[in-house]
2 protein chains.
Amino acid sequence: MKKKREGKTTSKIFDDHDHGMCFDDAIEQIENYFLKKNLQFTPLRRKVFEILIRDHKPLGAYEILEALGRDGFSSSPPIAYRVLDFLMEHGFVHKIQGLNAFIACSHPNHSHSPAFVICRKCEKVAEIDEKKSGISFASPNIKNFEVEKTTVEMTGVCTTCSSAATI
Amino acid sequence: MKKKREGKTTSKIFDDHDHGMCFDDAIEQIENYFLKKNLQFTPLRRKVFEILIRDHKPLGAYEILEALGRDGFSSSPPIAYRVLDFLMEHGFVHKIQGLNAFIACSHPNHSHSPAFVICRKCEKVAEIDEKKSGISFASPNIKNFEVEKTTVEMTGVCTTCSSAATI
DNA sequence: CATAACATGTTATAACATAACACTACCAGT
DNA sequence: ACTGGTAGTGTTATGTTATAACATGTTATG
């Protein structure tokens, strides 16, 4: 394995929601959304989403595949990538470019341009609002260019990791 | 090839600098920087930088390797990745995460957090200032987290591509 | 029930990236 | 000059991430 993605520790910014609640809510929200949009929330799609929302940390496609395999699903790469693409299209999953990994959306009811804070030591990731981040997309439209999608990732070290150890 | 990276067309935002000038200036700037910092601007490093600044478009590591091979350098993967890492450390090259590609820095004299505008049709990329982008990092520091590096990429369609064809 | 659209399965391979080690050149201290 | 350290490059092998292409199954609909 190139990286471990274990997530030993935790910093405040990463803990501002009730995760048990988040899980149930998230499942309900995605169910409602799919119903409303007449999309199929198939067992495979449900499983992939559950794997992601359960851990609520970024998982690589091949980690998701392993989990699928353990749960009796097919685990050849296109399976994961297709479902992930689908869930991303509808905003329930985001890709963390800096980690080549995928994470369940923390704010599925907003139509938002997500921003992520990534600890390079514990690899915990928080999805944040523009407001909280101190970042602001005052006008996401640039002259002569129509922006369709924004990627914003902030990498650094969380308090817990920085206080815990030698850099 | 998975992708072509041809860059057929052009939109205003992508053309706001004199590229001939940019090339010479850039070489001079990097030379001065290396001199000042007592770093070696070796033939290999120079060549990689030239390849990138010459095209001034994002190139994949393996495209750079091909170019190195054509110019008589070794072209095994670590060669490119090592030099690219080195040039990135010093801010002369950036990685475009959305394309798994590398591009020479357009503003090497700023110490900046670059932002990129990427046309998903022609794959042209522009590096922009915070100000021009309408984006602003009002306070890149987040409570309980020290941001070391930001990734900002805006993907969409440039005017030329959108006016040229059916979406 | 035909058929179109969608979903999943499978094989193979492409594209991207790093580990580990070898070799050379150069410089500093003795 | 010898020694040892550092930096740069070269090489082999392999690890990791992602997609193409095609087959099969499943569902909704006329």
Side-chain angles (χ1 to χ4, degrees), chain A residues 1-5 30 34-35 37-49 51-52 58-69 71-90 92-103 120 123 151, chain B residues 1-6 30 34-35 37-49 51-52 58-69 71-90 92-103 120 123:
Chain A
M1 284 270 280
K2 189 175 58 177
K3 293 186 179 170
K4 341 99 208 178
R5 276 198 252 277
I30 194 171
F34 275 51
L35 212 60
K37 294 265 190 173
N38 249 292
L39 301 167
Q40 301 179 52
F41 197 39
T42 61
L44 177 62
R45 288 171 181 171
R46 174 185 289 269
K47 177 57 70 179
V48 170
F49 185 71
I51 289 165
L52 285 169
L59 297 176
Y62 284 73
E63 291 177 294
I64 293 166
L65 284 167
E66 280 174 35
L68 286 174
D71 288 356
F73 289 84
S74 167
S75 59
S76 52
I79 294 292
Y81 285 105
R82 278 194 295 234
V83 172
L84 289 168
D85 283 349
F86 180 85
L87 293 171
M88 283 193 290
E89 256 172 43
H90 296 282
F92 293 98
V93 168
H94 300 298
K95 179 167 187 179
I96 308 297
Q97 295 283 2
L99 301 173
N100 291 321
F102 303 86
I103 191 165
R120 68 171 163 75
E123 289 198 345
T151 299
Chain B
M1 286 273 275
K2 188 172 61 176
K3 291 183 179 173
K4 341 98 209 178
R5 278 198 254 279
E6 278 145 10
I30 194 170
F34 274 51
L35 210 61
K37 295 264 187 174
N38 249 290
L39 301 167
Q40 300 179 52
F41 197 40
T42 62
L44 178 62
R45 287 170 180 171
R46 174 186 288 271
K47 179 56 73 179
V48 170
F49 185 70
I51 289 165
L52 285 168
L59 295 176
Y62 282 69
E63 292 177 294
I64 292 166
L65 285 166
E66 280 174 34
L68 286 174
D71 288 356
F73 289 84
S74 166
S75 59
S76 52
I79 295 291
Y81 285 106
R82 278 193 296 233
V83 173
L84 289 168
D85 283 348
F86 179 86
L87 294 172
M88 282 192 290
E89 255 173 43
H90 295 282
F92 292 98
V93 167
H94 300 299
K95 179 167 186 181
I96 308 297
Q97 295 282 3
L99 300 173
N100 292 322
F102 303 86
I103 192 164
R120 68 171 162 75
E123 288 197 351

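Straight-line distance from the CG atom of B/Leu59 to the P atom of C/dA17: 13 Å, rounded to whole Å. In this structure, the CD atom of A/Gln97 is 13 Å from the P atom of D/dT17, given to the nearest Å. Atom NZ in A/Lys47 sits roughly 17 Å away from atom C1' in C/dT8 (whole-Å rounding). One interatomic measurement links the two molecules: CG of B/Leu65 to C1' of D/dT9, which rounds to 13 Å at whole-angstrom precision. In this structure, A/Leu39 atom CG and C/dA5 atom C1' are separated by 13 Å, rounded to whole Å. Look at CG on B/Asp85: it is 15 Å from C1' on D/dA7, rounded to the nearest Å. In this structure, A/Phe102 places its CZ atom 13 Å from C1' of D/dT16, rounding to the nearest Å. B/Phe34 has its CZ atom 13 Å from the C1' atom of D/dG8, to the nearest Å.
Within the 4.5 Å cutoff, side-chain heavy atoms of B/Ile30 are placed close to those of B/Leu87.
Checking C/dC6 for Watson-Crick or G-U wobble geometry (two distances, each under 3.5 Å) identifies D/dG25 as its partner.
Here the CZ atom belonging to A/Arg120 is positioned 12.5 Å from the CG atom belonging to A/Leu99, to the nearest 0.5 angstrom. Expressed to the nearest 0.5 Å, how far NE2 of B/His90 lies from CG of B/Leu39 amounts to 5.0 Å. In this structure, OH in A/Tyr81 is found 7.5 Å from CG in A/Leu65, a value given to the nearest 0.5 Å.
Distance from the side chain of A/Pro78 is smallest to D/dT19 among C/dT18, D/dT19, C/dC6. Picking from C/dA17, D/dT19, C/dT8 the nucleotide with the shortest atom distance to the side chain of B/Lys95 gives C/dA17. When each of D/dT17, D/dG10, C/dC16 is scored by its nearest atom to the side-chain atoms of B/Tyr81, the top-ranked nucleotide is C/dC16. Of the candidate nucleotides D/dA18, C/dA17, D/dG8, C/dA17 has the atom nearest to the side chain of B/Ala61. Listed nucleotides C/dT8, D/dG10, D/dT19 differ in distance to A/Pro77; the shortest reach to its side chain belongs to D/dT19.
Contact check, A/Asn100 against C/dC16: no side-chain N or O comes under 4.0 Å of OP1 or OP2.
Under 3.5 Å, the side chain of A/Tyr62 and the base of D/dA18 form at least one donor-acceptor pair of N or O atoms.
Contact annotation for A/Ser76: base contact, defined as any heavy-atom pair under 4.0 Å involving a base atom. Residue contacts shown for B/Thr42 are limited to sugar-phosphate atoms, with no base heavy atom under 4.0 Å away. Counting non-hydrogen atoms under 4.0 angstrom, A/Arg82 reaches a base of the nucleic acid.
The nearest pair of heavy atoms linking A/Ala80 to A/Ala61 is CB-O, 4.0 Å.
Toward the 5' end of DNA chain D, the nearer of the two residues B/Gln40 and B/Ser75, judged by each one's closest nucleotide, is B/Gln40.
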